[in-house]
Engineer: 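Just passing along the structure, written as structure tokens.
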Protein chains: 2
Amino acid sequence: MGREDRKRPATLRTIAQSAGVDVSTVSRVLNGSPEDAARAASRETADAIREWAARLDYRPNPHAKSLRTQRSNLVGVLVPRLSDVVLATIYEGIEDAAARHGFATFVMNSHDRPDEQRARTELALSRRVDGLVFGDAHHDGGFVDEIAQRRIPFVLVSRHAGGHPSVTCDDYRGGRLVAAHFLERGHRRTAVIAGEPFASTGIDRTAGFVDRYREEGLDVATVHSRFDTAGGHQAAEQLLTEVEPTAIFAVNDFAAIGALGAVRDARLRPGADVAVAGFNDTPLAAELPVPLTSVRSPMHEMGRRALELLMTVLDGGTPESQRLEPELIVRASTARP
Amino acid sequence: MGREDRKRPATLRTIAQSAGVDVSTVSRVLNGSPEDAARAASRETADAIREWAARLDYRPNPHAKSLRTQRSNLVGVLVPRLSDVVLATIYEGIEDAAARHGFATFVMNSHDRPDEQRARTELALSRRVDGLVFGDAHHDGGFVDEIAQRRIPFVLVSRHAGGHPSVTCDDYRGGRLVAAHFLERGHRRTAVIAGEPFASTGIDRTAGFVDRYREEGLDVATVHSRFDTAGGHQAAEQLLTEVEPTAIFAVNDFAAIGALGAVRDARLRPGADVAVAGFNDTPLAAELPVPLTSVRSPMHEMGRRALELLMTVLDGGTPESQRLEPELIVRASTARP
DNA sequence: CTGAAAGCGCTTACAG
DNA sequence: CTGAAAGCGCTTACAG
């Protein structure tokens with residue numbers, strides 16, 4: 001089954017010979033714009049060419065095309081971890097939109113480590129991507145600033161940084177929604193599991209929550225954490241002993257699930273004794289033993305729009321950052337008994 | 001920030017001119033095998049060439065190379081859904097291994113739909129991938145048989161089909177492990193949430209479980225389901241009313257989580273009243289309010305090995321299918337009180 | 001040790 | 001409406 005056994009695919013030349021015309025004519029008819037095609041050959045010649053192409057199962061060689069046009073129709077996508085369902089879903093949106101534009105994508109994990117971000121980006125660049133989508137931007141913005149300076153087309157998704165074009169959820173507003181909900185339920189001693197300090201998602205969600213509480217003259221305890229369940233568990237344990245909050249907002253569903261575990265371990269009832277809310281409304285949130293209140297963010301849509309925004313950049317347009325609306329989904333984890 | 005602004009990258013010709021040698025010499029030194037390089041130029045010439053390459057930040061143009069060599073160093077990967085953490089983790093293994101071999105990967109979702117499998121495969125082929133990894137093979141094997149007939153290099157991962165080269169978990173054995181555990185705990189009326197009927201994973205896990213129980217002269221109720229939480233919830237609801245099992249094996253953690261929800265909704269205590277076990281030992285399993293007993297499968301390793309197996313195929317070797325060992329992780333969801 | 005030449009499969013001014 | 005030619009950036013027999 002070695003690769004030598006497969007017979008060579010049809011090329012423009014094959015078709016040109018079959019149809020008795022020049023390759024340039026075939027190119028214009030098959031791969032050119034409709035106007036090009038119309039100008040390039042008579043109806044009959046064009047039809048004959050198209051018929052041969054179909055019969056020979058012709059598919060343009062993308063490498064030849066890219067070499068000639070200096071455009072690869074490839075985009076590189078960097079995410080912290082693809083096994084995080086939030087990023088995977090955003091990526092699905094990116095991939096869908098890319099396919100519709102005739103682009104293919106390379107995804108890579110950076111694990112939120114600057115050295116890997118750099119290495120993966122260079123790898124993508126050496127593969128000659130036309131542009132990049134970063135789902136792993138750090139708020140300090142050092143790395144993306146550098147990419148911008150090199151005039152490499154890119155957009156950010158999920159997290160914003162340094163004023164570069166981005167598509168995000170309105171995380172600040174999402175944080176406020178949770179705070180408003182907690183206030184309505186009468187919680188006055190609350191805490192936030194704020195995630196990693198370098199991610200604008202965690203920063204903004206926390207800020208929105210804290211600001212809303214400040215408006216009521218109330219302070220909020222905050223603690224940073226990893227974005228996963230173990231991180232949330234650990235952070236919640238600490239908060240439960242040091243702060244004894246009646247409600248906890250974790251800036252991410254996984255951290256929230258970890259927090260639920262910590263609440264249970266402390267012999268408290270999630271929802272009844274300690275309210276817990278998460279963010280993103282991951283598919284699991286609704287199915288947990290104690291269903292989780294969470295802020296729904298349009299993950300797939302965010303990915304789709306980020307890719308569209310990149311297309312704007314590639315077409316030389318002026319990209320406008322977008323902030324999509326979050327929606328609070330209330331469930332048992334924040335219901336008083 | 002249009003693409004026109006970036007200055008042209010260095011090429012072999014740029015370097016050849018700078019170093020005062022022919023492009024063919026530069027090619028042999030920079031991109032050839034070590035022996036080629038040694039034979040192509042004197043130490044000094046070679047060093048000079050390498051120095052110029054570094055100074056000009058030379059990166060071989062992959063499109064030119066692919067066009068010339070008829071090899072793309074690209075592989076296509078098809079999965080049912082990348083937002084399923086199991087497939088995402090397998091894909092991470094594939095991607096890691098691919099990068100080490102100098103290959104890049106395209107991933108695409110097929111949603112387990114034959115028309116999408118076909119369309120995505122053709123898309124990958126039109127992008128001139130050297131080979132494919134299918135994580136979404138259907139057990140009937142119709143589609144992959146066809147691909148094999150076309151002599152397209154490919155391997156299967158996670159699911160096997162039609163005797164084609166594959167890397168899977170020993171799912172049958174995994175099913176037996178769960179059965180043995182349930183038997184040891186004294187469960188005699190049990191049920192399996194078997195997943196989709198077209199996936200070898202669910203088929204084999206179910207068969208292993210059922211066979212072990214048959215050896216004790218006991219029958220097992222089985223019901224098919226989707227692989228997600230909602231599917232598991234629904235299947236468990238049905239089983240709880242119709243079969244009243246004391247233990248349920250769901251062939252996948254998400255279905256198991258859905259089953260836990262159904263158990264709770266029926267006012268039964270997971271673990272105490274009804275044991276529930278899952279499969280894959282997803283990161284969440286350990287962190288659930290009632291930690292989930294699950295069969296750990298080496299997902300990342302499976303992906304890695306699948307890619308290695310594809311490399312064997314591409315090198316004209318004889319690929320041998322592999323079945324990796326599962327491991328039972330016992331937690332509270334199957335502990336008697 | 002080194003070079004000159006051909007060609008992979010396209011696109012696109014240029015010419016008629 | 002159609003063609004001939006050049007060239008994108010590589011690799012690799014062939015020749016010396």
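Computed over heavy atoms, backbone and side chain alike; hydrogens, waters and symmetry mates excluded. Convention: sequence-line order gives letters A, B, ...; per-chain numbering from 1.
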Engineer: With heavy atoms under 4.0 Å as the rule, sort B/A41 into base, sugar-phosphate or nothing.
Structural biologist: sugar-phosphate

Engineer: Of the listed nucleotides (C/dG3, C/dT2, D/dC10), which one gets closest to any side-chain atom of B/S42?
Structural biologist: C/dT2

Engineer: Determine the contact category for A/S24: base if any of its heavy atoms lies under 4.0 Å from a base atom, sugar-phosphate if only primed atoms, P, OP1 or OP2 are that close, otherwise nothing.
Structural biologist: base

Engineer: Send over the distance from B/D22 CG to D/dT11 P, rounded to a whole Å.
Structural biologist: 13 Å

Engineer: With a 4.0 Å limit, can you tell me whether A/K65 has a side-chain N or O closer than that to the phosphate oxygens OP1/OP2 of C/dT11?
Structural biologist: yes

Engineer: In whole angstroms, how far is the P atom of C/dC1 from the CG atom of B/D47?
Structural biologist: 13 Å

Engineer: Mind calculating the distance between CZ (A/R71) and C1' (C/dC10) to the nearest angstrom?
Structural biologist: 16 Å

Engineer: With nearest nucleotides of DNA chain C determined for A/Y58 and B/A46 from heavy-atom distances, which residue corresponds to the more 5′ nucleotide?
Structural biologist: B/A46

Engineer: So, do B/F154 and B/H164 have ring centers that fall under 6.0 Å from each other?
Structural biologist: yes

Engineer: Counting only side-chain nitrogens and oxygens, does B/T45 get under 4.0 Å of the OP1 or OP2 atom of C/dT2?
Structural biologist: yes

Engineer: Any side-chain to backbone donor/acceptor pair from B/N109 onto B/H111? Under 3.5 Å, distance only.
Structural biologist: no

Engineer: Would you indicate what B/S66 reaches in the nucleic acid, counting non-hydrogen atoms under 4.0 angstrom: base, sugar-phosphate, or nothing?
Structural biologist: nothing

Engineer: Go nucleotide by nucleotide along DNA chain D from the 5' end; which of A/R39 and B/A64 gets its closest nucleotide reached first?
Structural biologist: A/R39

Engineer: How long is the line joining NE2 of B/H63 and C1' of D/dC8, in whole Å?
Structural biologist: 12 Å

Engineer: Using a 4.0 Å heavy-atom cut-off across all strands, classify A/S27 as base, sugar-phosphate, or nothing.
Structural biologist: base

Engineer: First locate atom CD1 of A/I90, then atom CG of A/L82, and finally report the distance between them rounded to the nearest 0.5 Å.
Structural biologist: 11.0 Å

Engineer: D/dG7 base to B/R13 side chain: any donor-acceptor pair below 3.5 Å?
Structural biologist: no

Engineer: Can you tell me the pairing partner of D/dA15 across any strand shown, Watson-Crick or G-U wobble, with both distances under 3.5 angstrom?
Structural biologist: C/dT2

Engineer: Would you say C/dG3 has OP1 or OP2 under 4.0 Å from some side-chain N or O of B/T25?
Structural biologist: yes

Engineer: Phosphate oxygens OP1/OP2 of C/dT11: is one of them under 4.0 Å from a side-chain N or O of A/Q70?
Structural biologist: no

Engineer: Take the protein atom CD1 of B/I15 and the nucleotide atom P of D/dC10, then report the distance between them rounded to whole Å.
Structural biologist: 8 Å

Engineer: To the nearest Å, give me how far apart CG (A/L67) and C1' (C/dG7) are.
Structural biologist: 12 Å

Engineer: To the nearest Å, how far apart are B/L12 CG and D/dT12 P?
Structural biologist: 12 Å

Engineer: So, is A/N31 close to the C/dC10 phosphate, meaning a side-chain N or O under 4.0 Å from OP1 or OP2?
Structural biologist: no

Engineer: Using the side-chain contact (heavy atoms from CB on, under 4.5 Å) rule, take B/E51 and B/L56 through it: C-alpha gap first, then chi angles, then the decisive distance, then the call.
Structural biologist: CA-CA 9 Å; B/E51 197 172 316; B/L56 299 173; over 6 Å; no

Engineer: For the side chain of A/A40, counting heavy atoms from C-beta on, which of C/dG3, C/dC10, D/dT2 is nearest?
Structural biologist: D/dT2

Engineer: Whole Å only: how far is the CZ atom of B/R68 from the P atom of C/dC10?
Structural biologist: 16 Å

Engineer: Compute whether any side-chain donor of one residue and acceptor of the other, for A/S83 and B/Y91, lie under 3.5 angstrom apart.
Structural biologist: no

Engineer: Checking A/D96 against A/H300: is there a side-chain donor and acceptor pair closer than 3.5 Å?
Structural biologist: yes

Engineer: Counting heavy atoms from C-beta on, name the nucleotide in D/dG9, C/dT11, C/dG3 closest to the side chain of B/R28.
Structural biologist: C/dG3

Engineer: Return yes if the base of C/dG9 and the side-chain atoms of A/R59 contain a donor-acceptor N/O pair under 3.5 Å, otherwise no.
Structural biologist: no

